[in-house]
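Below, each value reflects all heavy atoms present in this structure, side chains not excepted, and no hydrogens, waters or symmetry copies.
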Amino acid sequence: MRPSDLAREHGLSTQAVRNYERDGFIPAAERTDSGYRIYTEVHAAALRAFLALVPAYGHSAAGRIMRALHDDALDDALTLIDRGHGQLRRDRETLDAVREAVDHLMAESDGAGTPGRPVDLRSRSAGSDTLTVGELARRLSVTPATLRKWEDSGILAPERDPLTAYRVYRASDVRDAELAHLLRRGGYPLDRISTVVQQIRTAGGTDTLSGALDDWRRRLTARGLAMLDAATHLGHYLSHCPGVPTAQGPGPYR
């Protein structure tokens, strides 16, 4: 095969194929006497595997997986794959926890208003327009130091009273604190909570927020399906690689 043969199947440029070879994503090609590259079905299988790995694990991780295979470091490649699956599992758990928190806030708000009516989380009030750090701490049964730690982690972003310079927690801050409190009780570290809160901070009504969470779940589902597709292509490529054990070979799971 020529570079153009591999490129045509995936709508790539021939230069992209040469770059993938240069970067170690596909094996090095043999050369003719005149210096032209010669690709085989092994290279085609490697390219299919790499391109399938990208939507599943990201471009960088896909490249590291393929380079590990070409360096005869199968365990390193499998470790990278394991990490990707572990991250997907954690993302699913985080999404479930956020959904639980949002449903809790919606139920609490609906209980104080019209049942089933969409609630604007930005307008939620704790009985007054703002809360002090002490009032919010008492509301959540945490210490003011905890709230300040959440602020340092980027979870909370209270304003300051222009006269006293004291922290002022508005309804949106209370919402973020309640989400963080629930996730913290679920054992989530502060850096992950900060990422989640920032992702949903810009959402307005509960319909908007619910739609964002639905989109998040669709993206996780797409990533999971991409991992299944990548496994198929990677397994096919490994069948071309000499010395690589297969699931059908001797082992404890046969």
Task: Euclidean distance, D229 CG relative to L51 CG, rounded to 0.5 Å - done: 11.0 Å
- [ ] State, with a plain yes or no, whether a side-chain heavy atom of M1 is found less than 4.5 Å away from one of H43.
- [x] no
TODO: Let me know which of H233, H10, E9 forms a side chain to side chain donor-acceptor pair (under 3.5 Å) with R48.
DONE: E9
Task: Least distance between heavy atoms, A230 atom then A56 atom - done: CB-CB, 4.2 Å
- [ ] Go through the side-chain N and O atoms of Y57 and H85 and say whether any donor and acceptor fall under 3.5 Å apart.
- [x] yes
Task: Interatomic spacing from OG1 in T130 to CG in L136 - rounded to 0.5 Å - done: 11.0 Å
Task: Under 3.5 Å donor-acceptor, D173 side chain and R170 backbone - done: yes
Open item on the list: Could you check whether any side-chain N or O of S194 sits under 3.5 Å from a backbone N or O of S153, counting only pairs where one atom can act as donor and the other as acceptor?
Closed with: yes
Open item on the list: Does D75, at its CG atom, have more than 12 non-hydrogen atoms belonging to other residues, nucleotides or ligands within less than 6.0 Å?
Closed with: no
- [ ] Check for a donor-acceptor pair, side chain of T164 on one end and backbone N or O of Y166 on the other, with a separation under 3.5 Å.
- [x] yes
Task: Ionic contact status for D214 with R99, cut-off 4.0 Å - done: yes
- [ ] Could you tell me whether a side-chain N or O of E135 sits under 3.5 Å from a main-chain N or O of T132, the two making a donor and an acceptor?
- [x] yes
TODO: Show the numbers, then the answer: is there a side chain to side chain contact (heavy atoms under 4.5 Å, CB included) between R217 and D96?
DONE: CA-CA 9 Å; R217 186 173 297 280; D96 289 341; 2.9 Å; yes
TODO: Report yes if some heavy atom in the side chain of R223 is under 4.5 Å from a heavy atom in the side chain of P55; otherwise report no.
DONE: no
Open item on the list: Is the shortest side-chain heavy-atom distance between Y20 and L12 below 4.5 Å?
Closed with: yes
- [ ] Starting at CZ of R184, measure out to CG of L140 and round the result to the nearest 0.5 Å.
- [x] 13.5 Å
Open item on the list: Are H59 and F25, when compared by the centres of their aromatic rings, separated by less than 6.0 Å?
Closed with: yes
Task: Approximate separation, where rounding is to 0.5 Å, of E151 CD and R167 CZ - done: 4.5 Å
Task: Backbone of A73 reached by a side-chain donor or acceptor of D71 within 3.5 Å - done: no
Open item on the list: Could you report the tightest heavy-atom contact between I38 and A29, atom names first, then the distance?
Closed with: O-CB, 3.5 Å
- [ ] Kindly compute the distance separating CG (L69) from CG (L80), expressed to the nearest 0.5 Å.
- [x] 9.5 Å
TODO: Establish whether V168 and L156 are linked, either directly or via other cluster members, by ILVMFWY side-chain heavy-atom contacts under 4.5 Å.
DONE: no
- [ ] Could you tell me whether R37 and E30 have a side-chain N and a carboxylate O separated by less than 4.0 Å?
- [x] no
Task: N/O donor-acceptor pair under 3.5 Å between S141 side chain and A137 backbone - done: no
Task: For the student: nearest non-hydrogen atoms of A177 and W150, plus distance - done: O-CZ3, 3.6 Å
Open item on the list: Restricting to non-hydrogen atoms, name the atom on V42 and the atom on P27 that form the minimum distance, rounded to 0.1 Å.
Closed with: CG1-CG, 4.4 Å
- [ ] May I ask you to test the T14-L6 pair for a side-chain heavy-atom distance under 4.5 Å?
- [x] no
Task: Salt bridge flag under 4.0 Å for residues E178 and R139 - done: yes
Open item on the list: Treating T146 as the side-chain partner and V142 as the backbone partner, does any N or O pair qualify as donor plus acceptor under 3.5 Å?
Closed with: no
- [ ] Treat each ILVMFWY residue as a node, draw an edge where side-chain heavy atoms are under 4.5 Å apart, and state whether I26 and Y36 are in one component.
- [x] no
- [ ] For S60 and R64, test the side chains for any donor-to-acceptor distance below 3.5 angstrom and give the result as yes or no.
- [x] yes
TODO: Would you mind reporting whether R2 and R8 have side-chain heavy atoms less than 4.5 Å apart?
DONE: yes
- [ ] Could you check if a side-chain atom of T221 sits within less than 4.5 angstrom of a side-chain atom of L225, using non-hydrogen atoms only?
- [x] yes
Open item on the list: If I compare all heavy atoms of R67 with all of D23, which pair ends up nearest, and what's the gap?
Closed with: CD-O, 3.2 Å
Task: Main-chain N/O of G24 paired to H70 side chain as donor or acceptor, under 3.5 Å - done: yes
TODO: Could you grab the distance from atom CZ of R92 to atom CD of Q87, nearest 0.5 Å is fine?
DONE: 12.5 Å
Task: Nearest non-hydrogen partners of L53 and M66, listed with the distance - done: CD1-SD, 3.7 Å
Task: Steps toward side chain to side chain donor-acceptor pair (under 3.5 Å) verdict (Y39, E21) - done: CA-CA 10 Å; Y39 291 119; E21 179 188 347; 2.5 Å; yes
